[in-house]
Engineer: 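One structure coming up, written as structure tokens, with questions to follow.
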Amino acid sequence: MLPGPRSESPTGSAPEPGAAGGAGRFEGEWRRALELVAGSDEIDLVCHICPDGDALGSALAAALALRGLGKRVRVSFGDDPQVIPESLSFLPGQELIVPAAAVPAAPALVLAFDAASEERLGLLRDKAFAADALVVFDHHASNPGFGTVRLIDPSAPATAVLVDELLRRLRVPLDQSIATCLYTGIATDTGSFKYRATTPATHEMAGRMLATGIRQDLISRQLWDTTSFGYLKVLAGALERAAFEPEEADGHGLVWTWVPYQDMALFGVTVEEIEGLIDVLRKPAEADVALVLKQDPDGTLRGSCRSRGAVDVAAVCARLGGGGHVYAAGFSTREAVADAVQRFRTALAEVAAAAGADSEGPGAR
């Protein structure tokens, strides 16, 4: 049986049903998710590999809430070894994180957060699909729809918004630990509330988190304004290699660079530490699309790309086996850098051509 009414938010009464995460469109899915949670004593919560603030923040916020309801919870992600970025080291609830190997082979209930595809679950993919039930919380438009229950809302600026709705429906009051995790999730995936997906409701949610007394200045400093000196050296090399190609992206321009593993090893920097490099590379006004390729020790290239709005980079990355959001997406490949960039250029051209054909089709204006 679920607990009693959730206390009112510090900024006023609790939000009305359907106020977050497009909830009104998923009433049947929400009902099933709540029934599964209510009927489970043990719950495994997983997020995507190489977790960012939204993935890990969402999973930890939900785990802390469920632990408060008396559930036995484990949090994990499918990397080996698991590396939590230094920028997220402040998140509460990390004592709940276990290695992927510690998750049962066939769990009773798995809740997955911020995974745009089943492949993004990494080593936990098979275990998640062997569970009696798999509930997916996500906001990526490229998500094909997997799991037993699918709470996938591309209109939500962050998966943390869906977790906030889950907690509201579970009548779990916010405390500073949960609020820190949720605030980190929405701040991360909205680029500190700069991205287009940010809405008045996003700011209202952030306000409820701040009203618990969390220190958003310290959170923001840790997320965006703290690096190692080694990162600066890696950044310098990446900027030196940066190339600007004004004719690409249908004339909207492409700027790209890559970071060899040797640079990271030389300066003691992890691939997680350079996630923010794309936000530096995307600044030139002359290019709509920015691409950073980061090399793993085994040679795998992880591509992160951004768009200023003229190009749907989720569609571009989908052609390369990846996905994401319209303005922020990614992919992985084992190719050489030159081959990966050429395939990216080709995908850019294909997406531009498809967009042009759509605009000239029946009913186009």
Engineer: Roughly how far apart are Asp132 CG and Leu36 CG, rounded to 0.5 Å?
Structural biologist: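 The distance works out to 9.5 Å.
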
Engineer: If you measure from CG on Leu60 to CG on Leu91, what distance do you get to the nearest 0.5 Å?
Structural biologist: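 The CG atom of Leu91 is 6.0 Å from CG of Leu60, to the nearest 0.5 Å.
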
Engineer: Side chain to side chain contact (heavy atoms under 4.5 Å, CB included) between Cys47 and Asp114: does it pass, once the steps are laid out?
Structural biologist: CA-CA 6 Å; Cys47 60; Asp114 207 42; 5.5 Å; no

Engineer: Please report the interatomic distance OG1(Thr227) to CD1(Ile274), rounded to the nearest 0.5 Å.
Structural biologist: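 So the gap between those two atoms works out to 12.5 Å.
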
Engineer: Atom CG of Asp175 and atom OG1 of Thr212: how far apart are they, to the nearest 0.5 Å?
Structural biologist: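 Going from the CG atom of Asp175 to the OG1 atom of Thr212 covers 7.5 Å.
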
Engineer: Apply salt bridge (Lys or Arg N to Asp or Glu O under 4.0 Å) to Arg169 and Glu165, showing your working.
Structural biologist: CA-CA 6 Å; Arg169 289 170 179 263; Glu165 176 68 9; 2.7 Å; yes

Engineer: Of the non-hydrogen atoms in Leu123 and Ala100, which two are nearest, and what is the gap between them?
Structural biologist: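 Nearest heavy atoms, Leu123 then Ala100: CB-CB, 4.3 Å.
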
Engineer: Kindly work out whether a path of hydrophobic side-chain contacts (I/L/V/M/F/W/Y, heavy atoms less than 4.5 Å apart) joins Val326 to Val316.
Structural biologist: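 Different hydrophobic clusters.
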
Engineer: Run through Val271, Leu277, Val269 and flag the one making a side-chain contact (heavy atoms from CB on, under 4.5 Å) with Glu273.
Structural biologist: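 The option that passes is Val269.
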
Engineer: Nearest 0.5 Å, what's the CG-CZ distance between Leu166 and Phe113?
Structural biologist: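 Nearest 0.5 Å value for the CG-CZ distance: 7.0 Å.
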
Engineer: Is a side-chain N or O of Arg241 found less than 3.5 angstrom from the main chain of Trp258, in a donor-acceptor match?
Structural biologist: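 Indeed, once roles are kept as given, a pair shorter than 3.5 Å links the two residues.
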
Engineer: Go through the steps to decide whether Ile49 and Arg120 satisfy the test side chain to side chain contact (heavy atoms under 4.5 Å, CB included), and finish with yes or no.
Structural biologist: CA-CA 6 Å; Ile49 55 176; Arg120 292 285 285 161; 3.7 Å; yes

Engineer: Give a yes or no answer on whether the side chain of Ser87 reaches the backbone of Leu223 with a donor-acceptor pair at less than 3.5 Å.
Structural biologist: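 Not confirmed, Ser87 side chain does not pair with Leu223 backbone.
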
Engineer: Evaluate the criterion side chain to side chain contact (heavy atoms under 4.5 Å, CB included) for residue pair Leu174 and Met209; output intermediate values, then yes/no.
Structural biologist: CA-CA 8 Å; Leu174 292 174; Met209 304 302 120; 3.4 Å; yes

Engineer: Decide salt bridge (Lys or Arg N to Asp or Glu O under 4.0 Å) for Glu29 and Arg32; before the verdict, give the C-alpha distance in whole Å, the side-chain angles of both, and the deciding distance to 0.1 Å.
Structural biologist: CA-CA 5 Å; Glu29 298 293 281; Arg32 293 174 64 198; 3.3 Å; yes

Engineer: Does the side chain of Asp298 pick up a donor-acceptor pair with the side chain of Thr300 at under 3.5 Å?
Structural biologist: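 Per modelled atom types, Asp298 and Thr300 side chains form a pair under 3.5 Å.
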
Engineer: According to a 4.5 Å side-chain heavy-atom criterion applied to Ile, Leu, Val, Met, Phe, Trp and Tyr, with indirect links allowed, do Phe267 and Met264 form part of one hydrophobic cluster?
Structural biologist: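 They do share one cluster, since a chain of ILVMFWY contacts under 4.5 Å joins Phe267 to Met264.
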
Engineer: Could you check if a side-chain atom of Ser117 sits within less than 4.5 angstrom of a side-chain atom of Ser142, using non-hydrogen atoms only?
Structural biologist: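 Counting from C-beta outward, Ser117 and Ser142 never come under 4.5 Å.
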
Engineer: Is there a donor-acceptor pair closer than 3.5 Å between any side-chain N or O of Glu118 and the backbone N or O of Arg125?
Structural biologist: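 No, because the side chain of Glu118 does not come within donor-acceptor range (under 3.5 Å) of the backbone of Arg125.
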
Engineer: Can you name the closest pair of heavy atoms from Leu167 and Ala62 and give their distance?
Structural biologist: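 That would be CD1-CA, 4.4 Å.
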
Engineer: Take Ser307 and His252 through the test side chain to side chain contact (heavy atoms under 4.5 Å, CB included) and record every step on the way to the result.
Structural biologist: CA-CA 10 Å; Ser307 168; His252 294 290; over 6 Å; no

Engineer: Within a strict 4.5 Å, meaning less than it, do heavy atoms of the Leu45 and Phe137 side chains meet?
Structural biologist: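 No; the side chains remain at least 4.5 Å from each other.
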
Engineer: Donor-acceptor check, side chain of Asn143 to backbone of Ala115, threshold 3.5 angstrom: yes or no?
Structural biologist: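 Indeed, once roles are kept as given, a pair shorter than 3.5 Å links the two residues.
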
Engineer: Please name the pair of heavy atoms, one in Thr188 and one in Thr184, separated by the smallest distance, quoted to 0.1 Å.
Structural biologist: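 Of all heavy-atom pairs spanning Thr188 and Thr184, the closest is OG1-O, 2.6 Å.
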
Engineer: Taking everything shown except Arg196 itself, do over 12 heavy atoms lie less than 6.0 Å from its CZ?
Structural biologist: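 Counting other residues, nucleotides and ligands, CZ of Arg196 stays at 12 neighbours or fewer.
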
Engineer: Contact between Asp54 and His139 at the side-chain level, heavy atoms closer than 4.5 Å - yes or no?
Structural biologist: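 Contact flag for Asp54/His139 side chains = yes.
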
Engineer: Give the minimum heavy-atom separation between Trp256 and Val337, together with the two atoms involved.
Structural biologist: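 Closest pair (atom of Trp256, atom of Val337, distance): CZ3-CG1, 4.0 Å.
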
Engineer: Answer with yes or no whether the side chains of Glu86 and Thr226 bring together a donor and an acceptor at under 3.5 Å.
Structural biologist: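 No, no side-chain donor-acceptor pair sits under 3.5 Å.
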
Engineer: Taking the basic N atoms (NZ, or NE/NH1/NH2) and the acidic carboxylate oxygens, is any pair closer than 4.0 Å for Asp164 and Arg208?
Structural biologist: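 Salt bridge flag = yes for Arg208 with Asp164.
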
Engineer: Count I, L, V, M, F, W, Y as connected when their side-chain heavy atoms are under 4.5 Å apart, and connections chain through other members. Are Val83 and Leu56 then in the same cluster?
Structural biologist: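 No, Val83 and Leu56 fall in different hydrophobic clusters.
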
Engineer: Taking side chain as C-beta onward, heavy atoms only, is Gln295 less than 4.5 Å from Gln262?
Structural biologist: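 Yes, at least one pair of side-chain atoms sits under 4.5 Å.
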
Engineer: Is it the case that over 12 heavy atoms from other parts of the model lie below 6.0 angstrom from the CD atom of Glu240?
Structural biologist: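 No.
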
Engineer: Test salt bridge (Lys or Arg N to Asp or Glu O under 4.0 Å) on Glu247 and Arg345; report intermediate values, then the result.
Structural biologist: CA-CA 10 Å; Glu247 73 282 359; Arg345 294 188 190 103; over 6 Å; no

Engineer: So Phe344 and Val289, do their side chains get closer than 4.5 Å, heavy atoms only?
Structural biologist: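 The answer is yes; the side chains approach within 4.5 Å.
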
Engineer: Got a sec: does the NZ of Lys71 have more than 12 other heavy atoms crowding it under 6.0 Å?
Structural biologist: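 Atom NZ in Lys71 is crowded, with more than 12 foreign heavy atoms closer than 6.0 Å.
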
Engineer: Decide whether Leu281 and Leu254 are clustered together by the hydrophobic rule: side chain heavy atoms of Ile, Leu, Val, Met, Phe, Trp, Tyr closer than 4.5 Å, transitively.
Structural biologist: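 In one cluster with Leu281: Leu254, no.
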
Engineer: Any side-chain heavy atom of Asp79 within less than 4.5 Å of one from Cys50?
Structural biologist: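 Yes - at least one pair of side-chain heavy atoms lies under 4.5 Å apart.
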
Engineer: Over all heavy atoms of both residues, which pair between Ala158 and Gly185 is shortest? Give the atoms and the distance, please.
Structural biologist: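 Heavy-atom minimum between the residues: CB-O, 3.8 Å.
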
Engineer: Got more than 12 heavy atoms from elsewhere within 6.0 Å of CZ, Phe129?
Structural biologist: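 Above 12, so yes.
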
Engineer: Tell me, do Lys233 and Asp263 make a side-chain contact under 4.5 Å, heavy atoms counted?
Structural biologist: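 Of all side-chain heavy-atom pairs linking Asp263 with Lys233, none is under 4.5 Å.
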
Engineer: What about Leu291 and Val255, same hydrophobic cluster or not, with Ile/Leu/Val/Met/Phe/Trp/Tyr joined at side-chain heavy-atom distances under 4.5 Å?
Structural biologist: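 Cluster IDs for Leu291 and Val255 differ.
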
Engineer: Is the charged tip of Arg150 near the ring of Phe146: under 6.0 Å from the six-membered ring centre and within 45° of its axis?
Structural biologist: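 Negative - Arg150 is either too far from the ring of Phe146 or too far off its axis.
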
Engineer: Of all the heavy-atom pairs spanning Val311 and Leu348, show the shortest one and how long it is.
Structural biologist: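 For Val311 versus Leu348, the nearest heavy atoms are CG1-CD2, 3.8 Å.
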
Engineer: Identify whether the distance between the nearest side-chain nitrogen and carboxylate oxygen of Arg74 and Asp44 falls below 4.0 Å.
Structural biologist: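 Looking at Arg74 and Asp44, the cut-off is met.
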
Engineer: Can you confirm whether Trp224 sits close enough to Ile219 that some side-chain heavy atom of one is under 4.5 Å from a side-chain heavy atom of the other?
Structural biologist: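 In short, these two side chains do not touch, never coming nearer than 4.5 Å.
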
Engineer: Say whether Ser177 and Thr180, considering side chains only, have a donor N or O and an acceptor N or O under 3.5 Å apart.
Structural biologist: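 Side-chain D/A pair, Ser177 to Thr180: absent.
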
Engineer: Output, in order, the C-alpha distance, side-chain angles, deciding distance and verdict of salt bridge (Lys or Arg N to Asp or Glu O under 4.0 Å) for Arg302 and Asp296.
Structural biologist: CA-CA 8 Å; Arg302 302 187 195 182; Asp296 284 343; 3.0 Å; yes

Engineer: In Å and rounded to the nearest 0.5 Å, what is the CG to OG distance from Leu96 to Ser76?
Structural biologist: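 So the CG of Leu96 and the OG of Ser76 are separated by 11.5 Å.
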
Engineer: Return yes if some donor-acceptor pair links the side-chain N/O of Arg308 with the main-chain N/O of Arg282 below 3.5 Å, else return no.
Structural biologist: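 Yes, the answer is positive, given that a donor and an acceptor are paired below the 3.5 Å cut-off.
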
